[in-house]
Engineer: 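Quick one: this structure, given as structure tokens, is what I'll be asking you about.
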Amino acid sequence: MLIVKKFGGSSVADKERIFNVAQRCIEDYKKGHDVVVVLSAMGKTTDHLLAQAAEINPAASKRELDMLLVTGEQVSVALMAMAMQALGVNAISLNAHQVMMHTNSAYGTAKLRRIDSMRIRNELDAGKIVVITGFQGVNRKDDMTTLGRGGSDTTAVAIAAALHADKCEIYTDVDGVYTADPRIVPNARKLPEVSYSEMLEFATLGAKVLHNRSVELAKKYGVELIVRSSMNHEEGTIVKEDVKLMERMLVSGVAADENTARISVIGLKDTPGIAFRIFNTLAKHNINIDIILQSVGRDGTKDISFTVAKTDLQDALELIRENLTSFTAERYEYEEDVAKVSIIGAGMTSNPGVAARMFEALSNSNINIKMISTSEIRITVLIDQADVKRAMRAVHDAFDLGAE
Ligand code: ASP
Ligand code: MG
């Protein structure tokens, strides 16, 4: 069996943890499996490197930032290979250049294009555990790139897909995917399985267990993922195709996203093309829009409200100010102290009462809903940020998601 095992920064934060990870990999290796290990940088290394860069040059070029950031992963893989060797096992560390991890040129947010798996195969055939740097790539100019924060998950999935691995295990500092963040909802339960699409919603909504793109990639190539903790031997959560799920629940979990703000553009002319003008302007400046609500026109005018990431709010407001006349708007307003709470579940598609049950739970807790949006497997409400925790607990209870 060929197993890809990915360990995040906290799992390799110090010497003890590095040896712990080395042991876990060796266990599989000794059973006769081929083992490929993908690592993140140790602990908070990437944050520290970024802080260091900011001290030298707050406007550092993205190319040089990537040149700096890739060093983090290089340290962890070399130390890991040394640890394995110290334990008497043949191991080799490789970086993105050595395994030809091709990406596009977008420094800082590079996308993987292709992996030449030859080198990895050769080293496995020579009986070695292969330890590979996550997060990094090489572009056409032969420069180092990085895949974006948390990108090592994506490296692991890409390697698993390229090698047709039998298993891709993502080790992290949580036991798996939960029905809700256990720090907020104490009786949250670990899910034995979730589908790729549910996982994507969880990831998009800020449950930071897996890098979003790693889930997209896993879905595309049908790589089954196992999310589990490096600190214990619990089973973890399997992420796989919807049709293969054994346990099909109406709602799988509740997630919250506090990185959101609401903008309303008011008194717009009620004619064709206005929504296009607004959202096209924002899109051109790479501002992602989430929930959109348009009022019914009256007296020839209408209002449009939408949400953007809090981190994009200032940019969005500036664009709206600049274009107020061309948008035909009378004025705009915004609200920052808001958050999204969502329920996610592939089983809700064919069940009409789900939204009502969620809204009832919120209303019983006296929580006001400002906006609503739905997809086939998700219902999201925008509420006051101050109500998030109460809302999550109420909704979690309403769908009986907790452990007995
Ligand atoms: N070391 C990188 C980061 O901290 C990549 C990763 O951990 O996946 O974002
Ligand atoms: Mg991570």
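As the structure is a computational prediction, the values presented were derived from the model and not from experiment. We count ligands from 1, going down the list as the structure has it; atoms in each ligand are counted the same way.
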Engineer: Relative to the heavy atoms of T46, which atoms of ligand 1 are at a distance of less than 4.0 Å?
Structural biologist: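 Once the distances to T46 are compared, the set is 1 (N), 2 (C), 3 (C), 4 (O).
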
Engineer: Parallel, tilted or perpendicular for F7 and Y171, by the 30°/60° rule?
Structural biologist: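 F7 vs Y171 ring planes: parallel.
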
Engineer: Hydrogens and angles aside, do N288 and D312 bring a side-chain donor and acceptor to less than 3.5 Å of each other?
Structural biologist: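 Absent: no donor and acceptor within the cut-off.
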
Engineer: May I ask you to list the atoms of ligand 1 that are less than 4.0 angstrom from any heavy atom of R149?
Structural biologist: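 Those of ligand 1 that fall under 4.0 Å from R149 are 3 (C), 4 (O), 9 (O).
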
Engineer: Run the contact test for G9 against ligand 1 with a 4.0 Å cut-off on heavy atoms, strictly below, and give the result.
Structural biologist: no

Engineer: When you measure from the side chain of D153 to the backbone of H211, do you find a donor-acceptor pair of N or O atoms at a distance under 3.5 Å?
Structural biologist: yes

Engineer: How long is the straight-line distance from NZ of K31 back to CE of M1, given to the nearest 0.5 Å?
Structural biologist: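 The NZ atom of K31 is 8.0 Å from CE of M1, to the nearest 0.5 Å.
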
Engineer: Any non-hydrogen atom of G8 lying under 4.0 Å from ligand 1?
Structural biologist: no

Engineer: Ignoring angles and geometry beyond distance, decide whether K6 reaches within less than 3.5 Å of ligand 1 through its nitrogen or oxygen atoms.
Structural biologist: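 No; every N/O pair is 3.5 Å or more apart.
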
Engineer: Will you find, in the side chains of D66 and T146, an N or O donor that is under 3.5 Å from an N or O acceptor?
Structural biologist: yes

Engineer: Under 4.0 Å from a heavy atom of G150: which atoms of ligand 1 are those, numbered in the order shown and with their elements?
Structural biologist: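 Heavy-atom distances to G150 below 4.0 Å select 3 (C), 5 (C), 6 (C), 8 (O), 9 (O).
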
Engineer: Would you mind telling me if ligand 1 is within reach of the side chain of H211, the backbone, both or neither, using heavy atoms under 4.0 Å?
Structural biologist: neither

Engineer: Can you check whether G148 has an N/O within less than 3.5 Å of an N/O in ligand 1?
Structural biologist: no

Engineer: Side chains of S61 and E64: donor-acceptor distance under 3.5 Å anywhere?
Structural biologist: no

Engineer: Regarding ligand 1, does D153 bring an N or O atom to under 3.5 Å of one of the ligand's N or O atoms?
Structural biologist: no

Engineer: If the test is side-chain contact (heavy atoms from CB on, under 4.5 Å), which one of D397, D181, I343, I344 qualifies with V254?
Structural biologist: I343

